[in-house]
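Presented below is the structure to which this report refers.
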Amino acid sequence: MNKTILILLTLLTILSCKTEKNTEIIVIGALHKPEANFNAEILFSILEDIKPDFILRELDSSSFTSDFRHKNDLNSNEGMASEKYAQKYPATQLRPYEFEGRNEYRINIGSRPTDRFTTKLIDSLNEANLLSASEAEIYNKYKALLEPLIIVASKSPENFNNSTTDSICAERQFYQYKMLTKITNKRDEFKTHFHTKPNGEKISYRDGYKLAGDFWDLRNQTMAKNIMRISEQNQGKKIVVLCGFMHRYYILSELKKLTKGKKIVLKEFYEK
């Protein structure tokens with residue numbers, strides 16, 4: 001009898017493993033502000049086609065109530081569309097996945113606003129023809145990489161949710177946070193210009209900009225880990241991740257590594 005029960009339990013385990021659904025993660029790169037080619041109604045229509053169980057927002061927990069209802073950020077495309085969808089389909093779960101206290105963290109460590117001050121200073125040096133030939137080449141390449149992204153962002157959402165656009169975003173961000181440091185690490189202007197942090201300490205543009213680059217990595221890696229945590233806690237569910245489309249390449253790259261060997265599949269919103 002015991003042997004028969006053991007066999008039955010083994011068969012049930014095997015059958016349950018075979019029938020267990022894959023978790024689906026659909027990462028949708030969005031434009032935050034409404035445009036003719038991408039607005040809340042268009043995003044809502046995409047959500048209706050997908051029919052997600054979970055919608056993950058590029059927000060931290062401070063933007064939600066204790067039962068995960070929106071407290072704010074209802075003016076963005078993602079906010080309006082996800083709120084409308086959750087109201088129409090109350091079983092849908094909303095969740096934050098952002099780095100907690102993102103803006104305060106950047107301000108406190110001094111990466112903001114030194115990141116903006118740094119690029120402004122590089123631009124002024126470029127305009128005055130004070131950059132070396134190699135430095136000017138780096139900066140002008142960085143600026144040029146924005147043009148194709150502006151073009152695709154004016155088209156239908158499939159155009160800024162594909163591997164080609166992801167590659168352009170990756171290159172642009174590489175130039176922003178890795179290549180521009182070849183300028184900031186070499187020139188004295190970035191060593192001798194300072195910003196005062198909230199605690200009264202001074203930080204050079206050079207050091208602040210390096211921290212901004214480090215945080216770009218930390219933030220995206222943290223968001224991917226948060227997405228994975230939610231996904232692993234909700235096996236077999238369909239999960240939509242809404243993010244600014246400049247983050248999509250990084251989040252997908254991290255998720256491809258984190259989902260390896262797991263019953264989780266990554267899909268595009270236009271894949272059936």
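Reckoned from all heavy atoms, side chains included, excluding hydrogens, waters and symmetry mates. All values derive from a computational prediction rather than experimental measurement.
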> Ignoring hydrogens and geometry, is there a side-chain-to-backbone donor-acceptor pair from Thr23 to Gly236 under 3.5 Å?
Replying inline: yes

>> I'd like to know if Leu258 and Met223 are part of one continuous hydrophobic network [Ile/Leu/Val/Met/Phe/Trp/Tyr, side-chain heavy atoms within less than 4.5 Å].
In response: yes

> Does the side chain of Ser154 come under 3.5 Å of the side chain of Glu35 through a donor N or O and an acceptor N or O?
Replying inline: no

> Got a second to check how far Met80's CE is from Glu78's CD, nearest 0.5 Å?
Replying inline: 9.0 Å

> Where do Asp115 and Arg112 land on the salt bridge (charged side-chain N to carboxylate O under 4.0 Å, His left out) test, with the steps shown first?
Replying inline: CA-CA 6 Å; Asp115 51 354; Arg112 174 156 292 190; 3.8 Å; yes

>> Salt bridge check, Lys263 against Glu232: does any charged N sit closer than 4.0 Å to a carboxylate O?
In response: no

> Can you tell me how far CG of Asn126 sits from CD1 of Ile122, rounded to the nearest 0.5 angstrom?
Replying inline: 9.5 Å

> Passes side chain to side chain donor-acceptor pair (under 3.5 Å), Glu100 versus Ser61? Steps please.
Replying inline: CA-CA 7 Å; Glu100 286 290 328; Ser61 60; 3.0 Å; yes

> For the hydrophobic clusters of this structure (ILVMFWY residues joined by side-chain heavy atoms under 4.5 Å, transitively), does one cluster hold both Leu56 and Tyr249?
Replying inline: no

> Under a 4.0 Å N-O cut-off, is there an ion pair linking Glu268 with Arg248?
Replying inline: yes

>> Quick one, Asp53 with Lys238, criterion salt bridge (charged side-chain N to carboxylate O under 4.0 Å, His left out). Give me CA distance, side-chain angles, the key distance, then yes/no.
In response: CA-CA 5 Å; Asp53 300 298; Lys238 191 176 290 187; over 6 Å; no

> Stepwise, does the side chain to side chain contact (heavy atoms under 4.5 Å, CB included) test hold for Lys267 with Ile50?
Replying inline: CA-CA 11 Å; Lys267 294 180 65 176; Ile50 298 171; over 6 Å; no

> Tyr177 vs Trp216 aromatic rings, parallel, tilted or perpendicular, using cut-offs 30° and 60°?
Replying inline: parallel

> In Å and rounded to the nearest 0.5 Å, what is the CG to CG distance from Asn39 to Leu43?
Replying inline: 9.0 Å

> If we only count heavy atoms from C-beta on, is the Ser124 to Glu189 side-chain gap below 4.5 Å?
Replying inline: no

> Is there a side chain to side chain contact (heavy atoms under 4.5 Å, CB included) between Glu201 and Thr196 once you walk through the steps?
Replying inline: CA-CA 6 Å; Glu201 293 178 358; Thr196 303; over 6 Å; no

>> Taking Lys155's backbone N and O only, do any of them form a donor-acceptor pair with Asn159's side chain (distance below 3.5 Å, no angle check)?
In response: no

> Just wondering, more than 12 heavy atoms not from Lys197 lying within 6.0 Å of its NZ?
Replying inline: yes

>> Quick check: do Leu121 and Phe190 have side-chain heavy atoms less than 4.5 Å from each other?
In response: yes

> Is the gap between the ring centers of Phe64 and His70 under 6.0 Å?
Replying inline: yes

> Are the side chains of Ser76 and Lys33 in touch, meaning some heavy atoms are under 4.5 Å apart?
Replying inline: no

> Quick one: does Ile28's side chain get under 4.5 Å of Cys243's, heavy atoms only?
Replying inline: no

> If we only count heavy atoms from C-beta on, is the Thr222 to Arg219 side-chain gap below 4.5 Å?
Replying inline: no

>> Is it true that, when you exclude Asn75 itself, more than 12 heavy atoms of the residues, nucleotides or ligands shown sit nearer than 6.0 Å to its CG?
In response: no

> Donor-acceptor pair, Ser204 side chain versus Asp207 backbone, under 3.5 Å?
Replying inline: yes

>> I need the minimum non-hydrogen distance between Lys21 and Gln235, along with the two atoms involved.
In response: O-NE2, 2.8 Å

>> To the closest 0.5 Å, what do you measure between OH (Tyr85) and OG1 (Thr92)?
In response: 4.5 Å

> Are Leu255 and Tyr250 connected in a single hydrophobic cluster, I mean Ile/Leu/Val/Met/Phe/Trp/Tyr linked by side-chain heavy atoms less than 4.5 Å apart?
Replying inline: no

> Can Glu98 and Arg102 be counted as an ion pair, charged N to O under 4.0 angstrom?
Replying inline: yes

> Going through the distances and angles, do Leu47 and Val240 end up as a side chain to side chain contact (heavy atoms under 4.5 Å, CB included)?
Replying inline: CA-CA 8 Å; Leu47 293 175; Val240 162; 3.9 Å; yes

> Asn234 side chain to Ile230 main-chain N or O, any donor-acceptor pair under 3.5 Å?
Replying inline: yes

> Looking just at side-chain N and O atoms, do Tyr142 and Arg172 make a donor-acceptor pair shorter than 3.5 Å?
Replying inline: yes

> Phe245 vs Phe160 aromatic rings, parallel, tilted or perpendicular, using cut-offs 30° and 60°?
Replying inline: tilted

> Between Lys141 and Glu171, is there a salt bridge with N-O shorter than 4.0 Å?
Replying inline: yes

> Hey, any chance Tyr209 and Ile138 share a hydrophobic cluster, counting ILVMFWY side chains that come within less than 4.5 Å of each other, even indirectly?
Replying inline: yes

>> Using a 3.5 Å distance criterion without hydrogens, assess whether the side chain of Asn162 forms a donor-acceptor pair with backbone atoms of Thr165.
In response: yes

> What closest approach, in Å, do Leu131 and Tyr139 show between heavy atoms, and which atom pair accounts for it?
Replying inline: CD1-CB, 4.3 Å

>> For a quick test of reading the model, state the closest non-hydrogen atom pair linking Thr114 to Gly208 and the distance between them.
In response: OG1-CA, 3.3 Å

> Should Leu31 and Phe44 be regarded as members of a common hydrophobic cluster, given that ILVMFWY residues are connected when their side-chain heavy atoms come within less than 4.5 Å of each other, either directly or indirectly?
Replying inline: yes

> Between CZ of Arg95 and CD1 of Ile227, what distance do you get to the nearest 0.5 Å?
Replying inline: 14.0 Å

> Between the main-chain N or O of Ser156 and the side-chain N or O of Asn37, is there a donor-acceptor pair closer than 3.5 Å?
Replying inline: no

>> Please report the interatomic distance NZ(Lys182) to OG(Ser132), rounded to the nearest 0.5 Å.
In response: 12.0 Å

> Between Tyr270 (side chain) and Asn161 (backbone), is there a donor-acceptor pair under 3.5 Å?
Replying inline: yes

>> Let's go through Phe99 and Tyr105 carefully: what are the C-alpha distance in whole Å and the side-chain angles of both, what is the deciding distance for ring-ring contact (aromatic ring centres under 6.0 Å, His included) to 0.1 Å, and is it a yes or a no?
In response: CA-CA 9 Å; Phe99 184 99; Tyr105 180 86; 5.1 Å; yes

> Any cation-pi pair here, Lys237 with Phe54, using under 6.0 Å and within 45°?
Replying inline: no

>> Would the distance check show the side chain of Asn226 and the main-chain N or O of Tyr97 forming a donor-acceptor pair, the cut-off being under 3.5 Å?
In response: yes

>> Side chains of Tyr89 and Glu48: any donor to acceptor distance under 3.5 Å?
In response: yes

>> Distance to the ring centre below 6.0 angstrom and angle to the axis at most 45 degrees; does that hold for Arg106 and Phe215?
In response: no

> Is it the case that more than 12 heavy atoms not belonging to Lys262 sit under 6.0 Å from its NZ atom?
Replying inline: no

>> So Glu24 and Ile239, do their side chains get closer than 4.5 Å, heavy atoms only?
In response: no

> Charged N to carboxylate O under 4.0 angstrom, Glu135 versus Arg187?
Replying inline: yes

>> Test your reading of the model: is there a side-chain donor-acceptor pair from Thr65 to the backbone of Arg69, 3.5 Å cut-off?
In response: yes

> Are Asn77 and His32 linked by a side-chain donor-acceptor pair shorter than 3.5 Å?
Replying inline: no

> Taking all non-hydrogen atoms of both residues, which atom of Glu254 and which atom of Ala224 are closest, and how far apart?
Replying inline: CB-CB, 3.4 Å

> Between Ile55 and Pro52, is any pair of side-chain heavy atoms under 4.5 Å apart?
Replying inline: yes

> Would you call Glu58 and Leu242 a side-chain contact if the rule is heavy atoms closer than 4.5 Å?
Replying inline: no

